Amino acid sequence: MASKTPPRHVACIMDGNGRWAKRRGLDRTHGHLAARLAINSAVDSALSEGVEWLTLFAFSTENWSRPEEEVHFLVNVLPQQIISRQASRLHRQGVRIRILSRADSRIPAPTMAALRDAEELTCDNSTLHLTLAFDYGGRQDIVDASRALAAQQTPADEITAETFARHLCRPELPDVDLLIRTGGEHRLSNFLLWHCAYAELIFLDVLWPDFRSGHFRHTLDLYQQRQRRFGGLIPEQPGPADADTPPGTPLSDPPDRITPTTPGLYGLPSLTDLLSLPGELAAHVGLSLLDRLKTAGERRPDRWS
(Lines give C-alpha, C1' and ligand atoms only; values in the text may rest on other atoms or scores of the structure.)
Protein backbone atom coordinates (compact mmCIF):
# COMPACT_ATOMS: atom_id res chain seq x y z
CA MET A 1 0.00 0.00 0.00
CA ALA A 2 1.04 3.60 -0.49
CA SER A 3 2.70 5.15 2.54
CA LYS A 4 0.54 7.42 4.69
CA THR A 5 3.38 8.50 6.97
CA PRO A 6 6.37 10.73 6.17
CA PRO A 7 9.61 9.03 5.17
CA ARG A 8 11.93 8.45 8.09
CA HIS A 9 15.08 9.36 6.16
CA VAL A 10 15.19 11.89 3.31
CA ALA A 11 18.43 12.49 1.40
CA CYS A 12 19.06 15.39 -0.99
CA ILE A 13 21.53 15.77 -3.84
CA MET A 14 21.77 19.56 -3.96
CA ASP A 15 22.43 20.02 -7.67
CA GLY A 16 22.27 23.15 -9.83
CA ASN A 17 24.15 25.82 -7.86
CA GLY A 18 26.60 26.60 -10.66
CA ARG A 19 23.92 26.73 -13.36
CA TRP A 20 21.79 28.99 -11.16
CA ALA A 21 24.67 31.47 -10.94
CA LYS A 22 25.60 31.20 -14.63
CA ARG A 23 22.05 32.07 -15.71
CA ARG A 24 22.40 35.29 -13.73
CA GLY A 25 25.83 36.16 -15.08
CA LEU A 26 27.50 35.41 -11.73
CA ASP A 27 30.45 33.30 -10.64
CA ARG A 28 29.62 29.74 -9.61
CA THR A 29 30.51 30.58 -6.00
CA HIS A 30 27.47 32.87 -5.80
CA GLY A 31 25.28 29.85 -6.53
CA HIS A 32 26.80 27.97 -3.61
CA LEU A 33 26.18 30.92 -1.31
CA ALA A 34 22.59 31.20 -2.53
CA ALA A 35 22.07 27.57 -1.47
CA ARG A 36 21.77 28.68 2.16
CA LEU A 37 18.07 29.53 1.82
CA ALA A 38 17.38 26.17 0.19
CA ILE A 39 19.15 24.34 3.03
CA ASN A 40 17.10 26.27 5.57
CA SER A 41 13.90 25.40 3.68
CA ALA A 42 14.79 21.71 3.59
CA VAL A 43 15.57 21.64 7.31
CA ASP A 44 12.45 23.62 8.29
CA SER A 45 10.27 21.41 6.08
CA ALA A 46 11.73 18.23 7.51
CA LEU A 47 10.99 19.50 11.01
CA SER A 48 7.42 20.51 10.20
CA GLU A 49 6.65 17.28 8.32
CA GLY A 50 7.97 14.94 10.99
CA VAL A 51 11.00 13.61 9.09
CA GLU A 52 13.53 12.14 11.52
CA TRP A 53 16.69 12.06 9.36
CA LEU A 54 17.81 14.49 6.65
CA THR A 55 21.08 14.00 4.77
CA LEU A 56 22.50 16.65 2.43
CA PHE A 57 25.23 16.01 -0.14
CA ALA A 58 27.47 19.02 0.42
CA PHE A 59 30.78 17.98 -1.20
CA SER A 60 31.68 14.71 -2.92
CA THR A 61 35.01 12.96 -3.34
CA GLU A 62 34.68 13.68 -7.08
CA ASN A 63 34.28 17.43 -6.48
CA TRP A 64 38.04 17.72 -5.94
CA SER A 65 38.37 17.65 -9.74
CA ARG A 66 36.55 20.99 -10.12
CA PRO A 67 38.45 24.25 -10.78
CA GLU A 68 40.84 25.13 -7.98
CA GLU A 69 39.08 28.39 -7.13
CA GLU A 70 35.72 26.67 -6.71
CA VAL A 71 37.20 23.83 -4.62
CA HIS A 72 38.93 26.37 -2.37
CA PHE A 73 35.61 28.12 -1.83
CA LEU A 74 33.73 24.88 -1.12
CA VAL A 75 36.19 23.57 1.46
CA ASN A 76 37.23 26.84 3.08
CA VAL A 77 34.54 29.51 2.81
CA LEU A 78 31.27 27.60 2.46
CA PRO A 79 31.43 25.66 5.76
CA GLN A 80 32.05 28.91 7.62
CA GLN A 81 29.37 30.85 5.73
CA ILE A 82 26.61 28.26 5.97
CA ILE A 83 27.32 25.65 8.63
CA SER A 84 29.03 27.60 11.39
CA ARG A 85 26.68 30.58 11.15
CA GLN A 86 23.60 28.32 11.18
CA ALA A 87 24.72 26.03 14.01
CA SER A 88 23.16 28.12 16.79
CA ARG A 89 19.82 28.35 14.99
CA LEU A 90 19.80 24.61 14.31
CA HIS A 91 20.68 23.95 17.93
CA ARG A 92 17.66 25.99 19.09
CA GLN A 93 15.45 23.97 16.76
CA GLY A 94 16.58 20.71 18.33
CA VAL A 95 18.61 19.60 15.29
CA ARG A 96 21.57 17.31 15.75
CA ILE A 97 24.33 17.79 13.18
CA ARG A 98 26.50 14.90 12.00
CA ILE A 99 29.35 15.02 9.51
CA LEU A 100 29.63 12.14 7.05
CA SER A 101 33.27 12.30 6.00
CA ARG A 102 36.46 10.29 5.97
CA ALA A 103 39.87 11.51 7.08
CA ASP A 104 41.42 13.52 4.26
CA SER A 105 44.49 15.73 4.64
CA ARG A 106 43.28 17.99 1.83
CA ILE A 107 40.48 19.37 4.04
CA PRO A 108 41.82 22.43 5.91
CA ALA A 109 42.04 22.02 9.67
CA PRO A 110 39.88 25.12 10.38
CA THR A 111 37.11 23.68 8.20
CA MET A 112 37.06 20.35 10.02
CA ALA A 113 37.23 22.16 13.35
CA ALA A 114 34.14 24.22 12.43
CA LEU A 115 32.23 21.12 11.38
CA ARG A 116 33.20 19.22 14.52
CA ASP A 117 32.24 22.20 16.69
CA ALA A 118 28.76 22.11 15.15
CA GLU A 119 28.58 18.38 15.91
CA GLU A 120 29.62 18.94 19.52
CA LEU A 121 27.20 21.83 20.05
CA THR A 122 24.20 19.81 18.90
CA CYS A 123 25.16 16.32 20.08
CA ASP A 124 22.34 16.05 22.63
CA ASN A 125 19.54 17.05 20.23
CA SER A 126 17.17 14.53 18.67
CA THR A 127 14.25 16.34 16.98
CA LEU A 128 15.93 16.04 13.57
CA HIS A 129 19.17 14.28 12.68
CA LEU A 130 20.88 16.41 10.01
CA THR A 131 23.81 14.69 8.29
CA LEU A 132 26.16 16.65 6.05
CA ALA A 133 28.04 14.47 3.55
CA PHE A 134 31.29 16.39 3.13
CA ASP A 135 34.12 14.89 1.06
CA TYR A 136 32.00 11.75 0.81
CA GLY A 137 31.70 9.02 -1.81
CA GLY A 138 29.45 5.98 -1.62
CA ARG A 139 31.91 3.61 -3.29
CA GLN A 140 34.73 4.67 -0.98
CA ASP A 141 32.45 4.15 2.02
CA ILE A 142 31.85 0.56 0.89
CA VAL A 143 35.56 0.00 0.20
CA ASP A 144 36.50 1.32 3.65
CA ALA A 145 33.96 -0.99 5.31
CA SER A 146 35.39 -3.95 3.38
CA ARG A 147 38.91 -3.05 4.45
CA ALA A 148 37.80 -2.80 8.07
CA LEU A 149 36.29 -6.28 7.95
CA ALA A 150 39.42 -7.64 6.28
CA ALA A 151 41.66 -5.98 8.88
CA GLN A 152 39.66 -7.70 11.61
CA GLN A 153 40.04 -11.01 9.75
CA THR A 154 36.29 -11.52 9.93
CA PRO A 155 35.35 -15.01 8.62
CA ALA A 156 33.43 -14.84 5.35
CA ASP A 157 30.45 -16.76 6.73
CA GLU A 158 30.08 -14.15 9.49
CA ILE A 159 29.74 -11.23 7.09
CA THR A 160 26.10 -10.28 6.64
CA ALA A 161 24.37 -7.13 5.48
CA GLU A 162 23.95 -6.15 9.13
CA THR A 163 27.60 -6.69 10.09
CA PHE A 164 28.78 -4.92 6.94
CA ALA A 165 26.57 -1.88 7.67
CA ARG A 166 28.12 -1.59 11.13
CA HIS A 167 31.48 -0.88 9.46
CA LEU A 168 30.29 1.97 7.25
CA CYS A 169 31.39 5.53 8.03
CA ARG A 170 28.17 6.29 9.95
CA PRO A 171 26.73 2.97 11.17
CA GLU A 172 23.80 4.72 12.84
CA LEU A 173 22.60 6.22 9.54
CA PRO A 174 19.35 4.42 8.57
CA ASP A 175 18.42 3.36 5.05
CA VAL A 176 17.18 6.19 2.86
CA ASP A 177 13.42 6.16 2.22
CA LEU A 178 13.26 9.11 -0.17
CA LEU A 179 16.07 10.55 -2.28
CA ILE A 180 15.50 13.97 -3.87
CA ARG A 181 17.77 15.32 -6.59
CA THR A 182 17.33 18.83 -7.94
CA GLY A 183 18.77 20.27 -11.15
CA GLY A 184 17.10 17.95 -13.66
CA GLU A 185 19.73 15.19 -13.65
CA HIS A 186 18.67 11.56 -13.11
CA ARG A 187 21.52 9.78 -11.34
CA LEU A 188 22.83 8.99 -7.84
CA SER A 189 26.33 10.44 -8.38
CA ASN A 190 27.96 8.04 -5.92
CA PHE A 191 25.76 9.20 -3.03
CA LEU A 192 24.79 6.79 -0.22
CA LEU A 193 24.90 3.79 -2.54
CA TRP A 194 24.48 1.26 0.28
CA HIS A 195 21.71 3.19 2.00
CA CYS A 196 19.68 3.84 -1.17
CA ALA A 197 19.07 0.17 -2.00
CA TYR A 198 15.29 0.60 -1.64
CA ALA A 199 14.97 4.39 -1.69
CA GLU A 200 12.21 6.04 -3.68
CA LEU A 201 13.90 8.38 -6.17
CA ILE A 202 12.38 11.72 -7.15
CA PHE A 203 14.11 14.06 -9.58
CA LEU A 204 13.15 17.73 -9.83
CA ASP A 205 14.02 20.28 -12.52
CA VAL A 206 14.27 23.13 -10.00
CA LEU A 207 17.84 24.27 -9.34
CA TRP A 208 18.90 23.87 -5.72
CA PRO A 209 19.11 27.60 -4.79
CA ASP A 210 15.42 27.90 -5.79
CA PHE A 211 14.34 24.84 -3.75
CA ARG A 212 11.74 25.79 -1.12
CA SER A 213 9.29 24.19 1.29
CA GLY A 214 6.67 23.76 -1.44
CA HIS A 215 9.06 21.56 -3.42
CA PHE A 216 9.80 19.49 -0.32
CA ARG A 217 6.11 18.94 0.39
CA HIS A 218 5.52 18.05 -3.26
CA THR A 219 8.11 15.27 -3.08
CA LEU A 220 6.47 13.95 0.09
CA ASP A 221 3.12 13.87 -1.74
CA LEU A 222 4.72 11.87 -4.56
CA TYR A 223 6.40 9.56 -2.05
CA GLN A 224 3.07 8.83 -0.37
CA GLN A 225 1.66 7.72 -3.74
CA ARG A 226 4.37 5.09 -4.13
CA GLN A 227 3.85 1.44 -3.21
CA ARG A 228 6.94 0.18 -1.39
CA ARG A 229 7.22 -3.58 -1.98
CA PHE A 230 10.85 -4.24 -0.89
CA GLY A 231 11.01 -7.11 -3.39
CA GLY A 232 7.68 -8.64 -2.39
CA LEU A 233 4.18 -8.46 -3.86
CA ILE A 234 1.10 -6.57 -2.74
CA PRO A 235 -2.15 -8.59 -2.89
CA GLU A 236 -4.34 -7.40 -5.74
CA GLN A 237 -7.57 -5.69 -4.78
CA PRO A 238 -10.59 -6.41 -7.02
CA GLY A 239 -11.67 -3.42 -9.10
CA PRO A 240 -15.25 -2.14 -9.15
CA ALA A 241 -16.14 -4.13 -12.26
CA ASP A 242 -14.64 -7.34 -10.89
CA ALA A 243 -16.34 -6.94 -7.51
CA ASP A 244 -19.85 -6.48 -8.97
CA THR A 245 -19.69 -9.13 -11.68
CA PRO A 246 -20.37 -12.79 -10.70
CA PRO A 247 -17.87 -15.33 -12.00
CA GLY A 248 -18.71 -16.59 -15.48
CA THR A 249 -20.71 -13.52 -16.53
CA PRO A 250 -19.88 -12.68 -20.18
CA LEU A 251 -18.36 -9.29 -20.82
CA SER A 252 -20.54 -6.67 -22.47
CA ASP A 253 -19.73 -5.62 -26.01
CA PRO A 254 -17.83 -2.33 -26.43
CA PRO A 255 -19.72 0.59 -28.00
CA ASP A 256 -19.51 1.05 -31.77
CA ARG A 257 -17.83 4.46 -31.43
CA ILE A 258 -15.41 5.53 -28.71
CA THR A 259 -15.01 9.22 -27.77
CA PRO A 260 -12.67 10.82 -25.18
CA THR A 261 -15.49 10.81 -22.62
CA THR A 262 -16.67 7.25 -23.28
CA PRO A 263 -16.72 5.36 -19.95
CA GLY A 264 -13.81 2.99 -19.66
CA LEU A 265 -14.17 -0.53 -21.03
CA TYR A 266 -13.87 -3.49 -18.69
CA GLY A 267 -13.42 -1.21 -15.67
CA LEU A 268 -10.71 0.91 -17.32
CA PRO A 269 -10.63 4.73 -17.05
CA SER A 270 -11.78 6.92 -19.93
CA LEU A 271 -9.33 8.96 -22.00
CA THR A 272 -10.48 12.15 -20.26
CA ASP A 273 -9.82 10.55 -16.88
CA LEU A 274 -6.27 9.64 -17.92
CA LEU A 275 -5.47 13.07 -19.32
CA SER A 276 -6.55 14.74 -16.08
CA LEU A 277 -4.07 12.78 -13.96
CA PRO A 278 -0.73 14.27 -12.77
CA GLY A 279 2.17 13.09 -14.92
CA GLU A 280 3.82 11.02 -12.18
CA LEU A 281 0.60 9.14 -11.44
CA ALA A 282 -0.40 8.82 -15.10
CA ALA A 283 2.80 6.90 -15.82
CA HIS A 284 1.92 4.28 -13.21
CA VAL A 285 -1.71 4.11 -14.36
CA GLY A 286 -0.56 3.67 -17.95
CA LEU A 287 1.45 0.55 -17.10
CA SER A 288 -1.48 -0.91 -15.20
CA LEU A 289 -3.77 -0.04 -18.11
CA LEU A 290 -1.63 -2.01 -20.55
CA ASP A 291 -1.77 -5.07 -18.30
CA ARG A 292 -5.55 -4.89 -18.02
CA LEU A 293 -5.97 -4.40 -21.77
CA LYS A 294 -3.94 -7.55 -22.35
CA THR A 295 -6.11 -9.43 -19.87
CA ALA A 296 -9.30 -8.15 -21.49
CA GLY A 297 -8.03 -9.19 -24.89
CA GLU A 298 -7.27 -12.69 -23.65
CA ARG A 299 -10.81 -12.99 -22.24
CA ARG A 300 -12.48 -11.75 -25.48
CA PRO A 301 -10.08 -12.57 -28.35
CA ASP A 302 -12.93 -12.35 -30.86
CA ARG A 303 -13.25 -8.61 -30.24
CA TRP A 304 -9.66 -7.92 -31.30
CA SER A 305 -9.36 -10.21 -34.34
Side-chain angles (χ1 to χ4, degrees), residues 7-19 28 32 35 39 42 53-68 70-75 78-79 83 97-108 111-112 115-116 119 129-204 208 228 230-231:
R8 184 186 182 208
H9 185 185
V10 176
C12 297
I13 299 178
M14 307 182 292
D15 193 20
N17 294 344
R19 282 172 285 159
R28 291 176 58 86
H32 297 307
I39 292 174
W53 291 76
L54 176 65
T55 300
L56 305 178
F57 204 5
F59 185 80
S60 76
T61 52
E62 289 74 28
N63 287 156
W64 290 106
S65 64
R66 292 192 176 187
E68 183 177 352
E70 183 177 1
V71 170
H72 179 271
F73 181 86
L74 289 172
V75 302
L78 196 63
I83 305 306
I97 299 174
R98 286 180 172 85
I99 307 303
L100 180 60
S101 178
R102 63 196 302 263
D104 191 326
S105 60
R106 292 174 295 181
I107 300 177
T111 295
M112 285 309 302
L115 295 175
R116 297 306 179 194
E119 278 189 312
H129 299 271
L130 174 62
T131 305
L132 301 172
F134 189 82
D135 191 23
Y136 172 82
R139 286 181 172 178
Q140 191 61 53
D141 198 6
I142 292 172
V143 169
D144 289 345
S146 302
R147 288 174 174 169
L149 286 165
Q152 296 173 5
Q153 299 183 341
T154 306
D157 58 0
E158 294 182 11
I159 300 176
T160 65
E162 290 74 20
T163 58
F164 189 90
R166 289 198 292 269
H167 289 79
L168 293 170
C169 184
R170 280 289 184 181
E172 70 274 25
L173 200 67
D175 286 347
V176 174
D177 298 299
L178 169 62
L179 180 128
I180 304 167
R181 178 172 186 146
T182 59
E185 303 293 349
H186 292 198
R187 54 178 176 267
L188 292 179
S189 294
N190 198 22
F191 183 44
L192 295 177
L193 300 182
W194 177 270
H195 307 80
C196 285
Y198 277 101
E200 300 294 329
L201 312 179
I202 294 180
F203 304 101
L204 303 177
W208 179 253
R228 308 196 72 199
F230 298 99

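Just so you know, these numbers use all the heavy atoms, side chains as well, and skip hydrogens, waters and symmetry mates. Here the structure is a predicted model, which is why all the values come from computation and not from measurement.
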Side-chain (N190) to main-chain (R139) donor-acceptor, under 3.5 angstrom: yes
Side-chain heavy atoms of I39 within contact of M14, under 4.5 Å: yes
Quick note, salt bridge (charged side-chain N to carboxylate O under 4.0 Å, His left out) partners involving residues 169-180, not counting sequence neighbours, are R98-E172, E119-R170, R170-E172, D177-R228
Of all the heavy-atom pairs spanning L179 and C196, show the shortest one and how long it is. CD1-SG, 3.7 Å
For the SG atom of C12 and the CD1 atom of I202, what is their distance to the nearest 0.5 Å? 10.5 Å
Under the ring-ring contact (aromatic ring centres under 6.0 Å, His included) test, residues paired with H195 that sit two or more places apart: none
I83: side chain to side chain contact (heavy atoms under 4.5 Å, CB included) partners, not counting sequence neighbours: L115, A118, L132
Residues at least two apart in sequence or cross-chain that pass side chain to side chain contact (heavy atoms under 4.5 Å, CB included) with Q153, listed by chain then number, are none
Output all residues satisfying side chain to side chain contact (heavy atoms under 4.5 Å, CB included) with P174, sequence neighbours left out; order by chain, then residue number. R8, H9, W53
Working to the nearest 0.5 angstrom, can you tell me the gap between Y136 OH and I99 CD1? 14.0 Å
List for me each residue that meets ring-ring contact (aromatic ring centres under 6.0 Å, His included) alongside F191, sequence neighbours excluded, and say none if there are none. F57
Between L201 and L188, is any pair of side-chain heavy atoms under 4.5 Å apart? yes
Can you list the residues that meet the salt bridge (charged side-chain N to carboxylate O under 4.0 Å, His left out) rule with D104, with sequence neighbours excluded? R106
Closest heavy-atom contact between V10 and P7? CG2-CG, 3.5 Å
R102: which residues meet the side chain to side chain donor-acceptor pair (under 3.5 Å) condition with it, sequence neighbours left out? D144
Taking all non-hydrogen atoms of both residues into account, name the closest pair between E62 and S65 and its distance. O-OG, 2.8 Å
Decide if atom CD of E68 counts as having more than 12 heavy atoms of other residues, nucleotides or ligands within a radius under 6.0 Å. no
Do T55 and V176 make a side-chain contact, defined as non-hydrogen atoms from C-beta onward lying under 4.5 Å apart? no
Side-chain donor/acceptor of T182 to backbone N/O of D15, under 3.5 Å: yes
Pairs where residues 153-163 contributes a residue and the test salt bridge (charged side-chain N to carboxylate O under 4.0 Å, His left out) is met, not counting sequence neighbours: none
Closest non-hydrogen contact found for L74 with P79 is O-CD, 3.2 Å
Residues passing the side chain to side chain contact (heavy atoms under 4.5 Å, CB included) test with R28, sequence neighbours excluded, are R66, E70
Starting at OG1 of T163, measure out to CG of L149 and round the result to the nearest 0.5 Å. 6.0 Å
Under the salt bridge (charged side-chain N to carboxylate O under 4.0 Å, His left out) test, which residues partner E185, sequence neighbours left out? R187
Looking at G183 and R19, what are the two nearest heavy atoms and their distance? O-NH1, 2.7 Å
For residues D135 and I107, report the shortest heavy-atom separation together with the two atoms involved. OD2-CD1, 3.5 Å
Side chains of L100 and L192 in contact at under 4.5 Å (non-hydrogen atoms): yes
With sequence neighbours excluded, give me every ring pair (Phe, Tyr, Trp, His ring centres under 6.0 Å) pair touching residues 147-185. F164-W194
Separation of C169 SG from I142 CD1 (nearest 0.5 Å): 12.5 Å
